[in-house]
**Student:** 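Take a look at the following structure, please.
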Amino acid sequence: MNIELDTHIHTIACNHAYSTITEIAQQAREKGLKLVCITEHGPKMPGGPHEYFFANIRVVPTEIGGVKILKGIESNITSYDGTLDLPPQYEDRMEIVLAGLHDMVLTPGSKKENTKAVIQAMRREIVDIMVHLGNPIYELDYDEIIKAAKDTRTFIEINNSSFLHSRKGSSSNCLLIAQKCMEHDIPISLGSDAHFAVDIAVYTHALEMLKSINFPEELVVNTSVDKLLNYLRGKGKKVLQDPRVKI
Ligand SMILES: [Zn+2]
Ligand SMILES: [Zn+2]
């Protein structure tokens, strides 16, 4: 599978990742990627950046060393009503919005509560990708969620780090989610969830799982920058339009 981009990357700004945007761009260039999404944790994550980080992120160039930089957020779902910690006044500055459940922000509830949280978040037009749904500490109704993804045109993430050191026990859920996405024609995005530059676009385990079920390449957004940009532009997002020069 030809991979052109990574939709889920963290920087030193969240205090538990260890590379700068420049280092990430450099690695991306070395790996032959065309685009990276900088999706820092929302402000409610312990140690997460202040909301001004998102307010001011437009100063980052749209391209560094030939690699396009999409500026976004991995917003925390903060209630079972699907509220997010992305300050509303900065919503239109985000070129891509990921949303997800994190137990240090929202305590896992019942299956019904967790499912409602995810679906209500997906119903917010601003949300583009729902991340790491395989996390076993949140029991979820995947059929309901996949149906809502179809209705709201939200992409579903398969998170490679869920197969490794994060969210232990996610693998079988990720497989189930991918099968359901395939069945219902829901596009997925592969997220490395890299917290260090060398880990960007590392999708080994996710790709192995997708291959085992013959997941169609056309449903994987990472195979084409245009696929991602067209999706975002189709939702009215102003992507790569900042006046900052390329460096
Ligand atoms: Zn996360
Ligand atoms: Zn993340």
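We're numbering straight along the sequence, starting at 1. One-based numbering, in listed order, for ligands and for the atoms of each.
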**Student:** When you measure from the side chain of Glu4 to the backbone N and O of Val225, does any donor-acceptor pair fall under 3.5 Å?
**Tutor:**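 It does hold such a pair.
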**Student:** Compute the angle centred on the Zn ion (ligand 1) spanning NE2 of His132 and NE2 of His102, and express it rounded to 10 degrees.
**Tutor:** 90°
**Student:** Is the distance from the Zn ion (ligand 2) to some N, O or S atom of His10 under 2.8 Å?
**Tutor:** yes
**Student:** Consider only side-chain N and O atoms of Thr223 and Asn2, and report whether a donor and an acceptor are under 3.5 Å apart.
**Tutor:** no
**Student:** Quick check: of its N, O or S atoms, which one does Glu74 have closest to the Zn ion (ligand 1)?
**Tutor:**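 When I compare the N, O and S atoms of Glu74, OE2 is nearest to the Zn ion (ligand 1).
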**Student:** Looking at Thr154 and Ala149, would you say the former's side chain and the latter's main chain have a donor-acceptor pair under 3.5 Å?
**Tutor:**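 Not confirmed, Thr154 side chain does not pair with Ala149 backbone.
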**Student:** Heavy atoms only: give me the nearest Thr39-Thr7 pair and the separation to one decimal.
**Tutor:** CG2-O, 3.5 Å
**Student:** Taking the N/O/S atoms of Asp193 one by one, which is nearest to the Zn ion (ligand 2)?
**Tutor:** OD1
